[in-house]
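Numbers here simply count residues along the sequence, with the first being 1.
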Amino acid sequence: MPLFNHYLLFHSVAEIFSIIVAYSIFVVAWNSKKWMANDYLLFLGIASLFIGVLDLVHTLAFKGMGVFINHDEVNRAASIWIAARYLESISLLIAPLFFKKKLHIKPVILIYSLIVFVVLGAIIFWGIFPTCFVDGKGLTSFKKISEYVISLILLTALFMLRKNRKEFNPKVFKLLNYAIIVTIFTELMFTFYSLPYDIFNFAGHILKIASFFLMYRAIVVTGIKRPFDIIFRQLKHNEDELRHLNRQLEIRVDQEVTVSHQKEQLLIHQSKMAAMGEMIGAIAHQWRQPLNAISVMIMDVKDAYVFGEINEDYINTITQNIDNQIQFMSNTINDFRKFLQPSKEKVPFNVSHAIKDVLLLFAFMMNKNYIEIKLECKESGVKKILFRQDCIDICQCEEGFIVYGYPNEFKHVIFNLINNARDAIITGRVRGVSSKETKGDISIVLYSINSSVRIEIADNGGGIPQEIMERVFDPYFTTKEEAQGTGIGLYISKVIIENNMSGHLSCENSDTGAIFKIDLKYMAKPVHTLDTSEKK
């Protein structure tokens, strides 16, 4: 009897572990569905939720648990096990279909709910599920044949997985392969036991723990610690295709004689695609802190489980904390998506708000490059800081900077000018114009001059050589290496400001670097007007 009690404890722990992993896969998949390039993981997550339900009932129905007390305890637990494994293997087989197809969530949840309801009803209430175990005789032919059929389905699922290996990060692909292979051996092990707590049953549950641990490493750990491996896998996979598209667009534009609005939009989109690498780098920096926080919370859950501290309050608290971190990450992605969406029509917008939206994406990147960036408002000869790295203070004169135009295209201009300033500072350090210890400085100042707002973006990167000053706005002209620049950033910026927003973009050198000036007409009357004599 003591041996049986020990095995009952082992069985409960093994099953609870697999249930926790199944629900964790669902949580990661569900909260990542907005950013997924395909619905493979989301389908697996929904399937895992219902597989976990069957495993939970199987655990409660196991002989000795005392939940279902009658002569048919062993058969009932074995039947629920077979049903859960059929659901798991068929889900793994179907999942690769959603690399290409769109998943309709509500019908899938409804179908899985119906399957679980019918299966549990057939086993527990109606007694019409095929017998899997007979007391005194052992496993039935149906049980053994089912285990072999499930193994065959898993082999087919493994083949489908390998056929779609290009969709996975190599590490994730390897772990998923191992998880399915170990699951196959698990099923084969359950064709040999004659008692619910003999050595083969024990070995089968050891293998089940191993298979779910591999699945945990592949999806849960990778999905939290290295989200780009799953969430942005398709984006990284298409990087070469985007570069090729950029080259094609450059050739097409070079052959055109007349610049039309449609071609301008294509160039703007191309320039944004070229900037995606920088933006992804910014997102990576933005995500580092919440990912570290989530990692710590996951470790805390593990410790809390070990010391028996998990209760409803703890689960609610940890869930809320993780959800807060995920919401922050989601907001970052939304900012990224908004940046890539072109403005379809002219609207009034606040220049300082638009600039700060861009600066928030740059803040972490600038810290990494030892560059200070700030946004200031000059009012009556006094500068008031609107933005310094992560800190934002609303300035009294801010409400006056309303212009009429395309806000996202304007943000793209600011992005290009700041990115060029950053590159100039870094290049200046490499060429010895300044030492590596010299702190970079990018200053953005807003002025009210007569009926216009002026934005000046200055840096201490050494300036633009006088002999090329007149060519900096020419298309495809660049001083950067071929792999680092396309030469269309400043050209597109000038087209947006002057052709699309009726403004003016110019540049000049200061004692320490370059200054780019943007002049735009006010939409509304400014709060304060400066005469040009007030400027330095």
Side-chain angles (χ1 to χ4, degrees), residues 4 7-8 10-19 22 47-48 50-94 112 115-158 179-212:
F4 171 76
Y7 184 83
L8 189 61
F10 162 77
H11 178 269
S12 299
V13 171
E15 292 296 339
I16 289 173
F17 172 80
S18 66
I19 293 165
S48 296
F50 291 94
I51 292 167
V53 170
L54 289 179
D55 280 343
L56 178 60
V57 179
H58 163 76
T59 304
L60 297 175
F62 196 78
K63 184 176 181 180
M65 291 295 289
V67 178
F68 303 97
I69 304 175
N70 58 40
H71 66 282
D72 206 26
E73 278 185 292
V74 179
N75 175 60
R76 181 177 287 112
S79 298
I80 298 173
W81 168 272
I82 282 294
R85 302 291 72 80
Y86 266 122
L87 192 63
E88 179 184 2
S89 60
I90 293 174
S91 297
L92 287 169
L93 179 63
I94 295 175
Y112 271 94
I115 290 172
V116 170
F117 174 80
V118 171
V119 165
L120 292 179
I123 296 172
I124 298 174
F125 301 107
W126 309 321
I128 60 175
F129 195 88
T131 303
C132 292
F133 188 93
V134 178
D135 291 333
K137 293 183 179 181
L139 299 175
T140 65
S141 297
F142 170 79
K143 170 70 162 60
K144 293 181 179 180
I145 292 173
S146 290
E147 297 287 12
Y148 292 127
V149 171
I150 291 169
S151 298
L152 183 60
I153 296 173
L154 288 170
L155 275 175
T156 308
L158 182 63
I180 294 177
I181 291 171
V182 174
T183 303
I184 293 173
F185 282 105
T186 301
E187 299 308 317
L188 295 176
M189 195 62 62
F190 281 107
T191 63
F192 297 114
Y193 75 88
S194 57
L195 293 172
Y197 40 82
D198 67 9
I199 186 63
F200 293 108
N201 197 296
F202 173 83
H205 281 90
I206 290 292
L207 290 174
K208 185 184 181 185
I209 291 174
S211 68
F212 271 80

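- Scored by the side chain to side chain contact (heavy atoms under 4.5 Å, CB included) test, Ser18 finds Glu15, Asp55, Lys208, Phe212 as partners (sequence neighbours excluded).
- Of all non-hydrogen atoms in Pro130 and Ser79, the two that sit nearest each other are O-OG, 3.9 Å.
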* To do: Carefully, step by step, assess Phe50 and Leu87 under the rule side-chain contact (heavy atoms from CB on, under 4.5 Å).
  => CA-CA 9 Å; Phe50 291 94; Leu87 192 63; 4.3 Å; yes
* Asked: Going through the checks in order, is the side-chain contact (heavy atoms from CB on, under 4.5 Å) test met by Val57 and Ile123?
  -> CA-CA 11 Å; Val57 179; Ile123 296 172; over 6 Å; no
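- Contacts of Ile199 classified as side chain to side chain contact (heavy atoms under 4.5 Å, CB included), with partners at least two apart in sequence or in another chain: Phe202.
- When all heavy atoms are compared, the tightest approach of Lys143 to Ala78 is CE-CB, 4.2 Å.
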Show me, pair by pair, the donor-acceptor contacts under 3.5 angstrom made by side chains of residues 180-190, not counting sequence neighbours?
| residue | atom | partner | partner atom | Å |
| --- | --- | --- | --- | --- |
| Thr183 | OG1 | Ala179 | O | 2.7 |
| Thr186 | OG1 | Val182 | O | 2.8 |

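- By the 4.5 Å heavy-atom criterion applied to side chains, Tyr112 and Ser91 are counted as neighbours.
- Across all their heavy atoms, Thr59 and Ile19 have their closest contact at OG1-CD1, 4.1 Å.
- For the residue pair Phe133 and Asn75, the shortest heavy atom distance occurs at N-OD1, 3.1 Å.
- Comment: Arg85 engages Glu88 in a salt bridge, judged by a side-chain N to carboxylate O separation of less than 4.0 angstrom.
- Under the side chain to side chain contact (heavy atoms under 4.5 Å, CB included) criterion, Val134 pairs with Thr131, Lys137, Thr140, sequence neighbours left out.
- The shortest non-hydrogen separation linking Val119 to Ala83 is CG1-CB, 3.3 Å.
- Using cut-offs of 30° and 60° for the angle between ring planes, the Phe10 and His205 rings count as perpendicular.
- Scanning both residues, Glu73 and Gly64, for their nearest heavy atoms gives OE2-N, 3.6 Å.
- Residues meeting the side chain to side chain donor-acceptor pair (under 3.5 Å) test with Ser211, sequence neighbours left out: none.
- The aromatic rings of Phe192 and Phe200 are tilted relative to each other, their planes meeting at an angle between 30° and 60°.
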* **Ile153 and Leu92: CA distance, side-chain angles, deciding distance, side-chain contact (heavy atoms from CB on, under 4.5 Å) verdict** => CA-CA 9 Å; Ile153 296 173; Leu92 287 169; over 6 Å; no
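- Checked against ring pair (Phe, Tyr, Trp, His ring centres under 6.0 Å), Tyr148 has no partners two or more places apart in sequence or in another chain.
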